[in-house]
Amino acid sequence: MKPKVIVIVGPTASGKTSLSIELAKQTNGEIISSDSMQIYKDMNIGSAKPTIEEMQGIKHYLIDEVLPTERFSVAEYKKRAEKAIEEILKKGKTPIIVGGTGLYVNSLIYGIEYEDINLDEKYREKLMKKAETQSGLEELYREAQKIDELAAQKISPNDKKRIIRILEIYHSTGKTKTMQELESRKNEVKYDYKIYCINMPRDILYERINKRVDIMIEQGLIEEVKSLLKKYPSFPTAMQAIGYKEIVQYLNGSWGRLEAIDKIKQESRRYAKRQITWFKRIENIKWIDGLDKMQNNINIILEELH
RNA sequence: GGGUAGGUGGUCGAGUGGUUAAUGGCACCAGACUGUAAAUCUGGCCGUGAGAGCGUACGUUGGUUCGAAUCCAACCCUACCCA
């Protein structure tokens, strides 16, 4: 029998953190984050990272793992997360995956294998530059079609990142994306994932998001961004984070303070919507009501654990 | 009180007699998603209908015209300037 692993997902501000910590306490569990931004050091307030007090002594993995100057990836995430799962299981404890990054969650629950390849940054830059013009992008798309007709068909001719990816994979492995994806799903999934998504009516969720952004500002998000900018020279991916990029706009004078704050709220709401769309597609996912009493939800999860 | 500019769909903003339910952007809704993913991309978006269509819409009322968001008149409102 495969070991059970609990997975808690849900849109931002749905209450994943508090539920998961309480759950960990009741199941002798430890938490593995599946959040693409909480993994970065020094990005605390804006990524809604749990504080030491909030953690209540529950061990958390994959939080504060990498510097904002580093480039992170799903492949790297998958590797580290599985290592953490093993470590927790070895202790006889329950692994609990918690986070809102659907891509990262999928890498685990579908057991996707990523081969070891290095990113050719120069090549990517070259492609990115070319993709800046409409004609350049069209040309890249045509190249992608030649290499991997099927993969190109599935994406839009405007989808820069995915067009580049098709070319990149071929460039560094000689394989097509389609081929690589087929190989990535060969192995059987090693764990028995029990997946739950916290949800609630959209309007209530949006209110919670708005309120949380205000709290982040009160807690000093602006200061946090300032010191980040001072401390690190570059941010290959970390500055994509909602709440950070907007404050940067404010600090460099492009936006007013209120404008930036409203933008953070709006982007967060839109993000939550995309997250929900993602989670709807996960088969075997169980939806739990974020407005219900926490203990009721925990009981639902506990029941399935035995 | 006088002058000027203007009032367009949830919002911003094009459109100045017919091919206009009305370009765009944004919001919103729905969707996609395998190495940057809090990223990137796609579709829908007045109502009704499966659809052709029908109904209702460009401040209000009335007029000109075969035909008006577009022209005219009066009125209401907004912004700025003068008093």
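What you are looking at is a predicted structure, and each value in this text was computed from that prediction instead of being measured. The chains referred to below are lettered A, B, ... by the order of the sequence lines, with proteins before strands, and numbering in each begins at 1.
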Worksheet, complete the sentence: Note on RNA chain B: ranges paired as stems (three or more Watson-Crick/G-U pairs in a row, both atom distances under 3.5 Å) are B:1-7 with B:76-82, B:10-12 with B:24-26, B:28-32 with B:40-44, B:46-48 with B:53-55, B:59-63 with B:71-75
Discussion item. Is any side-chain heavy atom of A:Met294 closer than 4.5 Å to one of A:Leu23?
Written reply: no
Worksheet item: Expressed as a whole number of Å, how far does the P atom of B:rG63 sit from that of B:rU48?
Response: 32 Å
Discussion item. For A:Gln295 and A:Asn299, which I'm curious about, is there any donor-acceptor pair between the side chains at under 3.5 Å?
Written reply: yes
Worksheet, complete the sentence: Taking B:rA38, B:rA27, B:rC41 as options, the one with an atom nearest any side-chain atom of A:Asn158 is B:rC41
Fill in: Distance below 4.0 Å between A:Tyr77 side-chain N/O and B:rG35 OP1 or OP2
no
Worksheet entry | Sub-4.0 Å heavy-atom contacts from residues 236-248 of chain A onto RNA chain B, ordered by number | A:Thr237, A:Gln240, A:Ala241, A:Ile242, A:Lys245
Response to the item:
Checking B:rA38, B:rA37, B:rC28 against the side chain of A:Arg269 (C-beta onward), the nearest is B:rC28
Worksheet entry | Among B:rU36, B:rU34, B:rA38, the one nearest A:Arg124 by side-chain distance | B:rU36
Worksheet item: For A:Arg80 and B:rG35, is the shortest distance between a side-chain N/O and OP1 or OP2 below 4.0 Å?
Response: no
Worksheet item: Of the nucleotides B:rG35, B:rA37, B:rU36, which has the atom closest to the A:Ala75 side chain?
Response: B:rG35
Worksheet item: Between A:Tyr141 and B:rC41, is there a side-chain N or O to OP1/OP2 distance below 4.0 Å?
Response: no
Worksheet item: Taking only N and O in the side chain of A:Lys177, is any of them less than 4.0 Å away from OP1 or OP2 of B:rU34?
Response: yes
Practice prompt. Cation-pi check, A:Lys194 to A:Tyr196: give yes when NZ or CZ is under 6.0 Å from the six-membered ring centre and within 45° of the ring axis, no otherwise.
Written response: no
Discussion item. Any side-chain N or O of A:Lys154 below 4.0 angstrom from OP1/OP2 of B:rA32?
Written reply: no
Fill in: Proximal nucleotide (of B:rA32, B:rC28, B:rU40) relative to the A:Arg270 side chain
B:rC28
Fill in: Residue whose nearest RNA chain B nucleotide is more 5′ - A:Lys160 or A:Leu119
A:Leu119
Worksheet item: Say you pick atom P in B:rG24 and the same atom in B:rA68; how far apart are they, in whole Å?
Response: 25 Å
Item to complete: Have a look at A:Gln266 and say if it touches a base, only the backbone sugar-phosphate, or nothing, with a 4.0 Å heavy-atom cut-off.
Response: sugar-phosphate
Worksheet item: What nucleotide among B:rU34, B:rA38, B:rG35 has an atom nearest to a side-chain atom of A:Thr101?
Response: B:rA38
Practice prompt. Using a heavy-atom cut-off of under 4.0 Å over every strand shown, decide if A:Ser47 touches base, sugar-phosphate, or nothing.
Written response: base
Discussion item. Categorize A:Ile155 for me: base, sugar-phosphate, or nothing, with a 4.0 angstrom heavy-atom threshold over every strand shown.
Written reply: nothing
Worksheet entry | Toward the 5' end of RNA chain B, by each residue's nearest nucleotide, A:Tyr40 or A:Ser156 | A:Tyr40
Worksheet item: At under 4.0 Å, does any side-chain N or O of A:Arg274 touch on OP1 or OP2 of B:rA37?
Response: no
Fill in: C1'-based separation of B:rU23 from B:rC75 [nearest Å]
32 Å
